[in-house]
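Only one structure is covered here, and it is reproduced in the block below.
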Amino acid sequence: YDDIEEKERKQIVINESDLNEFEYILKYGEKKDIKENLDKILNTASKEDEDYILDPQLLIIKIANSLINFASSINANISDIISGRIVEEMLTFKDVKDLKEFIYNAIIKLRNNNIKSQINRNEKVIEDIYKYIEQNYENPNISLESISDELNISISYLSMLLKKLRGVTFNKELIKYRMEKAKGLLKYSNEKVIIISKQCGYNEVYYFSHSFKKYTGLSPKEFRKDA
């Protein structure tokens, strides 16, 4: 007891460059990079030192703060991953190996949740694009630019999502929606072709007829006759 009492309590700290590296790897590193970086940081906490009682509390607080900041940056809630108070939870570990595994698993869970959330957000954007087409296809001025303004999302990002998740372009989907509407109107109504063309967002009936024939292989009159 006297030997222990004489020893000075020494906080284990992480320097700013190591902390910045850790936070960068949280966001962009591969799994092996995360493990290597955790080894680098936490190996300090496992070193034996006869002159000091090593106290990892400050180190754990900084790591916990980095995890919380990472979760916040991806709009995640750390409490969804770790039950209870994160610092208290981390301080319960007596073995550095177990602490490393705990932190690593928390990082991977946060990343996986972020991927799922991103997929859900992207699918919601796609739904909004199709909903906008459905509600505005009669407007001859509808465009990706107008949807971009409506959703407050960049044109390039909208184009990328459509191509990546649906394998299509906006113009093709707009034409498809208009042509399918035109087919229904030609088949089930007696409206003149010029009226139907306007109802489907075309100011010029000749351009509408050209687009319809290109889409179906038939002119509007031929389609109506066969229907």
Side-chain angles (χ1 to χ4, degrees), residues 26-31 69-81 107-227:
L26 281 179
K27 293 181 179 180
Y28 308 111
E30 302 291 335
K31 290 182 179 180
N69 288 339
F70 173 55
S72 177
S73 73
I74 60 175
N75 297 315
N77 192 337
I78 196 73
S79 61
D80 294 338
I81 305 300
I107 294 168
I108 298 305
K109 286 178 181 177
L110 282 169
R111 283 184 160 198
N112 289 342
N113 280 13
N114 182 47
I115 291 170
K116 291 178 183 176
S117 297
Q118 187 64 43
I119 290 171
N120 291 338
R121 286 194 295 271
N122 289 343
E123 286 293 343
K124 176 63 168 58
V125 172
I126 292 293
E127 287 178 13
D128 289 341
I129 292 172
Y130 282 102
K131 187 181 293 183
Y132 188 89
I133 290 174
E134 181 182 347
Q135 295 172 348
N136 297 276
Y137 72 95
E138 294 180 13
N139 180 356
N141 297 317
I142 182 177
S143 65
L144 197 57
E145 287 83 353
S146 61
I147 296 179
S148 174
D149 292 339
E150 178 74 16
L151 301 181
N152 196 27
I153 299 173
S154 73
I155 295 172
S156 59
Y157 188 71
L158 291 177
S159 296
M160 181 275 292
L161 282 185
L162 279 169
K163 194 68 177 175
K164 184 177 179 180
L165 299 183
R166 294 294 185 271
V168 297
T169 64
F170 169 75
N171 284 336
K172 283 188 176 180
E173 288 301 274
L174 177 59
I175 290 170
K176 178 182 176 181
Y177 194 87
R178 283 172 166 170
M179 293 299 104
E180 292 299 324
K181 282 291 181 181
K183 283 165 67 176
L185 291 170
L186 287 166
K187 186 174 182 178
Y188 299 112
S189 80
N190 294 318
E191 292 283 9
K192 294 180 179 180
V193 173
I194 190 171
I195 299 299
I196 291 175
S197 70
K198 291 185 181 297
Q199 290 175 339
C200 293
Y202 290 87
N203 286 329
E204 293 290 337
V205 67
Y206 300 107
Y207 182 55
F208 165 73
S209 297
H210 172 76
S211 298
F212 190 87
K213 187 166 186 177
K214 186 176 179 180
Y215 183 79
T216 64
L218 299 170
S219 69
K221 288 183 179 180
E222 289 171 339
F223 180 86
R224 173 171 271 172
K225 184 178 179 181
D226 288 352

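- Residue pairs meeting the salt bridge (charged side-chain N to carboxylate O under 4.0 Å, His left out) criterion with at least one partner in residues 156-176, sequence neighbours excluded, are Glu123-Arg166.
- Within a 6.0 Å sphere centred on CG of Leu144, other residues, nucleotides and ligands contribute more than 12 heavy atoms.
- Scored by the ring-ring contact (aromatic ring centres under 6.0 Å, His included) test, Tyr188 finds no partners at all (sequence neighbours excluded).
- Between the CG atom of Leu158 and the CD1 atom of Ile153 there is a distance of 5.5 Å, given to the nearest 0.5 Å.
- Counting only residues at least two apart or in different chains, side-chain hydrogen bond (donor to acceptor under 3.5 Å, both in side chains) contacts with residues 199-226 comprise Glu180-Tyr215, Ser219-Glu222.
- Counting only heavy atoms from C-beta outward, the side chains of Ser189 and Ile196 approach each other to under 4.5 Å.
- Distance check: Ile147 CD1 to Ile133 CD1 gives 5.0 Å after rounding to the nearest 0.5 Å.
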Listing, residues 109-116 side-chain donor-acceptor contacts under 3.5 Å, not counting sequence neighbours, or none:
unit_1: Arg111; atom_1: NE; unit_2: Leu26; atom_2: O; d: 3.0
unit_1: Arg111; atom_1: NH1; unit_2: Gly29; atom_2: O; d: 2.8
unit_1: Arg111; atom_1: NH2; unit_2: Ile25; atom_2: O; d: 3.0
unit_1: Arg111; atom_1: NH2; unit_2: Leu26; atom_2: O; d: 3.0
unit_1: Arg111; atom_1: NH2; unit_2: Gly29; atom_2: O; d: 2.6
unit_1: Asn112; atom_1: ND2; unit_2: Ile108; atom_2: O; d: 3.4

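- Listed by chain and number, the residues in a side-chain hydrogen bond (donor to acceptor under 3.5 Å, both in side chains) with Ser72 amount to none (sequence neighbours excluded).
- At a threshold of 4.5 Å between non-hydrogen side-chain atoms, the residues Thr169 and Leu162 do not count as touching.
- Residues passing the side-chain hydrogen bond (donor to acceptor under 3.5 Å, both in side chains) test with Ser159: none are found, sequence neighbours excluded.
- How far CD1 of Ile142 is from CG of Asn136: 5.0 Å, rounded to the nearest 0.5 Å.
- Among residues at least two apart or in separate chains, salt bridge (charged side-chain N to carboxylate O under 4.0 Å, His left out) pairs with a member in residues 126-140 are Lys124-Asp128.
- Partners of Phe170 by ring-ring contact (aromatic ring centres under 6.0 Å, His included), not counting sequence neighbours: none found.
- Cys200 approaches Leu185 most closely through the heavy-atom pair SG-CD1, 4.0 Å.
- For Ser73, the side-chain contact (heavy atoms from CB on, under 4.5 Å) partners at least two apart in sequence or on another chain are Lys27, Phe70.
- A search for side-chain hydrogen bond (donor to acceptor under 3.5 Å, both in side chains) contacts involving Ser143 returns Glu145, not counting sequence neighbours.
- The neighbour count for Asn120 CG, taken as heavy atoms of other residues, nucleotides or ligands under 6.0 Å away, is above 12.
- In this structure, Tyr157 has no ring-ring contact (aromatic ring centres under 6.0 Å, His included) partners at least two apart in sequence or on a different chain.
- Distance check: Lys183 NZ to Leu218 CG gives 9.5 Å after rounding to the nearest 0.5 Å.
- Residue pairs satisfying the salt bridge (charged side-chain N to carboxylate O under 4.0 Å, His left out) criterion with at least one member in residues 190-203, sequence neighbours excluded, are absent.
- Between Phe212 and Val193 the shortest side-chain heavy-atom distance does not fall below 4.5 Å.
- When all heavy atoms of Asn141 and Ser146 are compared, the pair lying nearest together is O-OG, 4.5 Å.
- Distance check: Tyr137 OH to Ile175 CD1 gives 15.5 Å after rounding to the nearest 0.5 Å.
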